[in-house]
Amino acid sequence: MIPTITVFERSPDGGSGHARDMPVRWALEEAGQPYHARLVSFRGLKEPAHRRLQPFGQIPTYEEDGLVLFESGAIVLHIAERHAGLLPGGEHGRARAIMWIFAALNTVEPPIVEHEQASYVEHGQPWFCEERLSFLRDRIRVRLAQLSCRLGDGGWLDGAFSAGDLMMVTVLRRLNGSGLLEDHPNLAAYVARGEARPAFRRAFEAQRAVFLASSAG
Ligand SMILES: N[C@@H](CCC(=O)N[C@@H](CSCc1ccc([N+](=O)[O-])cc1)C(=O)NCC(=O)O)C(=O)O
């Protein structure tokens, strides 16, 4: 059975591939797995029909043979466990690849999202100030320096490309153009390497096509 994912009918990211259907699309493309994308409006996200799938009223969700999943990391792992190309064969390599999924979502992404929230959502709030943004950027810098040191001149985080790299590239590309990523040429090259993968390009163009169609309408 072909799985169905839910995606924004009109993504607030303007087709730049930062909404969280992107890693799911990318994983499905790496796995060579066709999928259906159900478009959900902002209003539809909050309606009972979608909340039965995703209690937080968000995308993405993943439905296949009666299974309903949410959380992009969990969906990527589910795909990776059932198709070749996203997790190494050996037990230790597999465990480390899963470790890197968590590192991306739990260690590297939080300061990035917190800085985005502060920049776009907290503007105008009494506590908003440039010092807070600067403090949050410094926290991102710490993680990027640590990751840059670990990656060194490696192609991927742990030998062959894995779901851990898919998630880490997804997280890091949110910093494209911020200057923070560019401060570490090996990280910028790592992200570009991920974005150059044919599976990434297919996923990116698919999500962008949805946005462009919504803009034409
Ligand atoms: N932990 C969940 C988080 C899912 C999530 O944040 N979904 C967001 C879209 S991706 C997050 C996102 C949104 C916008 C941009 N952007 O660049 O504009 C980037 C990422 C959503 O549905 N938001 C609607 C709502 O909460 O009402 C997961 O990983 O699946």
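Quantities reported herein were computed from a predicted structural model and do not represent experimental measurements. For the numbers below, each heavy atom of this structure counts, side chains included, while hydrogens, waters and symmetry mates do not. Whatever order the structure lists ligands and atoms in, that order sets their numbers, starting from 1.
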Set of residues satisfying salt bridge (charged side-chain N to carboxylate O under 4.0 Å, His left out) with respect to R201, sequence neighbours excluded: E205

Evaluate T6 against Q54 for side chain to side chain contact (heavy atoms under 4.5 Å, CB included), listing each step before the verdict. CA-CA 10 Å; T6 50; Q54 217 280 13; over 6 Å; no

Which residue pairs pass the side-chain hydrogen bond (donor to acceptor under 3.5 Å, both in side chains) test when at least one of the two sits in residues 171-182, sequence neighbours left out? E109-R174, E116-R174, R173-E195, N176-E195

Salt bridge check: are E114 and R139 linked by an N-O gap of less than 4.0 Å? yes

Which parts of the protein, at residue level, reach under 4.0 Å of ligand 1 through a heavy atom? F8, P12, D13, H18, A19, R20, L45, K46, G57, Q58, I59, P60, E71, S72, R174

Angle between ring planes, F8 versus F42, binned at 30° and 60°: parallel, tilted or perpendicular? tilted

Among residues at least two apart in sequence or on other chains, which ones pass side-chain contact (heavy atoms from CB on, under 4.5 Å) with A199? W26, E29, E30, R202

